[in-house]
Protein chains: 2
Amino acid sequence: MLSDVMEDYLKGIYILQERAEPPISTSQIADYLDVTPPTVTSMVEKLDDRGLVEREKYKGVELTDEGVTVALEVLRHHRLLEAYLTEHLDYDWSEVHEEADVLEHHISEEFERRVAEALDDPTVDPHGDPIPNADLSPPDDAEHTRLSEHEPGTTVEISRVSDREEEELRYLKDANITPGTVVRIVDVAPFGMVTVAVSDGGRQSLPEEIADSIRVKRVETDAVSAEEVPEA
Amino acid sequence: MLSDVMEDYLKGIYILQERAEPPISTSQIADYLDVTPPTVTSMVEKLDDRGLVEREKYKGVELTDEGVTVALEVLRHHRLLEAYLTEHLDYDWSEVHEEADVLEHHISEEFERRVAEALDDPTVDPHGDPIPNADLSPPDDAEHTRLSEHEPGTTVEISRVSDREEEELRYLKDANITPGTVVRIVDVAPFGMVTVAVSDGGRQSLPEEIADSIRVKRVETDAVSAEEVPEA
DNA sequence: CTTTTACTTTAGACACGTCTAATCCGGGGC
DNA sequence: GCCCCGGATTAGACGTGTCTAAAGTAAAAG
């Protein structure tokens, strides 16, 4: 019987592990979950006791296989819900996150099954994030690179945008940066800001943290030649 | 900011008030919510402090108007969810209760609105229970009488069956006692057991607590004359 | 009018998840 | 090789919701 809170810790640690190599530090977790470091310390002790994380004092934690499974289960719930809300309840993809963040802890396995069925077993959510499949095997995230790691001139297709802040998402949507869109990278500033040209001719600059959280797939350059974009 | 638990108490007290005149005693609540009486005492103190119930020590509690409003909000969530799960996620009406009991505390107002819209503002849930409308005015429950208060020989149409125990509901469904069905009352035993004849010719005996929780509407007797039922 | 009894409340404990304040490592700079 | 500083942990507290055991009360039975 894991509490909602424990599930949130495991999900958070999983996401942090996707972003950076384990071990994940106390303060990273505290930051991500918006609690104080002592709170994290006591929680990770508990998770360690239960065998959900491997903890080394003063170093940080790493999810065990069991911890990963729980995290994937929660993530599956979250992303299925996001997809369902978008497809069947007419939510916009920029506003589903909070609802899913709560409900993910409260739906039954039966509910999960029926939602997956109603959606015909989707593999990605509306933000482009992969939905772990029912057997909870770790999804493989190859081929997707970070927007921030490409050279100017490269043309890429957006595959995933992070689903954290509703504000940000609305902004990205307005700028037409959504999964499936093809953009050309115009400039990468020394402080990490990336400027891209969208197919409608607009340009958009994105600070490092954002550019880092957007995953893309490289596209053959001539694929967008029909929609050429001006240089400046 | 009411906790889930407080919402459960308020909903429970509301339902108990529908069944019996207030004040509602500590032990009735304890029984209904499956907690011990001291737990109830401390909780109702808190609810009293917040103005959600009127409490008289050693007597019991009664919901204030504000308490009623909260209870209706929760009940609206519950019943909309039951209806939604049945209509759009292919649940059977005998299995929706538990899912709704959890989710009712966790859906946003936005979610409520969209579900109501998807269902075209339904007025009753799959068990026949009235869904409070969005303005949370107390639903009026006239015309519905208890199955247990009718004379043998009377013909009635089932309008509501309680939604408490999945087991019971499945049993009732198998016996064809569902909202909309017309039955004739064959016998009322001195210990409260009611025997009814269903239109397919079967008969069904129901113990007092069940017969008490089933609400019915009286029907003109000749309405079922085409499907006459044997005496014994 | 007193006693009994059923129910309610008080007292005190515990698990959970959180906090602040204080202490404690451990690795980088000197 | 020592010190310092930033981050981590311990200590101790609190609010919530629950429990068991003990004490109290009200109303029915005698």
Side-chain angles (χ1 to χ4, degrees), chain A residues 1-14 16-17 19-63 67 70-71 74 101-102 104-106, chain B residues 1-14 16-17 19-63 67 70-71 74 101-102 104-106:
Chain A
M1 293 301 80
L2 299 183
S3 65
D4 304 1
V5 177
M6 285 181 185
E7 290 183 353
D8 274 332
Y9 275 81
L10 295 170
K11 179 180 71 158
I13 295 166
Y14 181 91
L16 292 169
Q17 284 190 13
R19 291 195 195 156
E21 279 305 303
I24 304 300
S25 71
T26 299
S27 50
Q28 274 177 289
I29 300 170
D31 221 61
Y32 185 79
L33 295 178
D34 211 29
V35 295
T36 60
T39 304
V40 173
T41 298
S42 73
M43 190 68 223
V44 294
E45 265 170 24
K46 215 172 305 177
L47 294 173
D48 190 29
D49 290 349
R50 299 224 193 179
L52 296 161
V53 304
E54 196 67 56
R55 174 175 183 243
E56 199 173 341
K57 249 187 173 180
Y58 292 101
K59 289 288 166 44
V61 294
E62 174 166 5
L63 294 176
V70 174
V74 178
D101 239 11
V102 176
E104 64 187 8
H105 305 295
H106 303 293
Chain B
M1 293 305 78
L2 300 183
S3 66
D4 304 2
V5 177
M6 286 183 184
E7 290 183 353
D8 275 332
Y9 275 82
L10 295 170
K11 181 181 70 159
I13 295 167
Y14 182 91
L16 292 169
Q17 283 189 11
R19 291 195 195 156
E21 279 306 303
I24 303 299
S25 72
T26 299
S27 50
Q28 274 178 288
I29 300 170
D31 220 61
Y32 186 78
L33 295 179
D34 211 29
V35 294
T36 60
T39 303
V40 173
T41 298
S42 74
M43 189 69 222
V44 295
E45 265 169 23
K46 215 172 305 177
L47 294 173
D48 189 29
D49 290 348
R50 299 224 194 178
L52 295 161
V53 303
E54 196 69 54
R55 174 176 185 241
E56 199 173 344
K57 249 186 173 180
Y58 292 101
K59 291 288 168 43
V61 294
E62 175 167 5
L63 294 176
V70 174
V74 178
D101 239 11
V102 176
E104 64 186 7
H105 305 295
H106 303 292

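Below, chains carry the letters A, B, ... as their sequence lines are ordered, and counting in each starts from 1. Reckoned from all heavy atoms, side chains included, excluding hydrogens, waters and symmetry mates.
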Inset, instruction - Mind calculating the distance between CE (B/Met6) and C1' (D/dT18) to the nearest angstrom? - result: 14 Å

Inset, instruction - Ignoring backbone atoms, test whether B/Arg55 places a side-chain nitrogen or oxygen under 4.0 Å from the OP1 or OP2 oxygen of C/dT8. - result: no

Inset, instruction - Nearest whole angstrom, please: distance from the P of D/dT16 to the NE2 of B/His105. - result: 18 Å

Legend entry - Contact residues, residues 40-49 of chain B to DNA chain D [heavy atom, < 4.0 Å]: B/Ser42, B/Lys46

Inset, instruction - Check whether any side-chain heavy atom of B/Lys46 lies under 4.5 Å from a side-chain heavy atom of B/Leu52, and answer yes or no. - result: no

Legend entry - Spacing of B/Leu33 atom CG relative to D/dG17 atom P, expressed in whole Å: 13 Å

Inset, instruction - Nearest whole angstrom, please: distance from the P of D/dA26 to the NZ of B/Lys59. - result: 8 Å

Legend entry - Those residues that, when tested against A/Gln17, pass side-chain contact (heavy atoms from CB on, under 4.5 Å) (two or more places apart): A/Ile13, A/Pro22, A/Ile24, A/Glu62, A/Leu63

Inset, instruction - Indicate yes or no: at least one non-hydrogen side-chain atom of B/Val40 is less than 4.5 angstrom from one of B/Tyr32. - result: no

Inset, instruction - Let me know the distance between OH of B/Tyr58 and P of D/dT25, rounded to the nearest Å. - result: 5 Å

Inset, instruction - State, yes or no, whether a side-chain contact exists between B/Arg50 and B/Met6 at a heavy-atom distance under 4.5 Å. - result: yes

Legend entry - Any side-chain heavy-atom pair of A/Leu47 and A/Leu10 under 4.5 Å: yes

Inset, instruction - Give the nucleotide from the list C/dT9, D/dC19, C/dT18 with an atom nearest to the side chain of B/Val35. - result: D/dC19

Inset, instruction - Rounded to the nearest angstrom, tell me the gap between atom CG in A/Asp4 and atom P in C/dG17. - result: 9 Å

Legend entry - Phosphate OP1/OP2 of D/dG6 contacted by A/Ser27 side-chain N/O (<4.0 Å): no

Legend entry - Gap between atoms CG and P, on A/Leu2 and C/dC16 respectively (whole Å): 12 Å

Inset, instruction - May I ask you to decide whether A/Asp101 forms a salt bridge with A/Lys11, counting only side-chain N to carboxylate O separations under 4.0 Å? - result: yes

Inset, instruction - Please name all residues satisfying ring-ring contact (aromatic ring centres under 6.0 Å, His included) with A/His105, sequence neighbours left out, ordered by chain then number. - result: none

Inset, instruction - May I have the distance from B/Tyr9 (atom OH) to D/dG17 (atom C1'), rounded to whole angstrom? - result: 8 Å

Inset, instruction - Would you tell me if any nitrogen or oxygen in the side chain of A/Lys57 comes within less than 4.0 Å of OP1 or OP2 on D/dT10? - result: yes

Inset, instruction - Check every strand shown and say whether B/Thr36 touches a base, only sugar-phosphate, or nothing at a heavy-atom separation below 4.0 Å. - result: base

Legend entry - Phosphate OP1/OP2 of C/dC19: any A/Thr39 side-chain N/O under 4.0 Å: yes

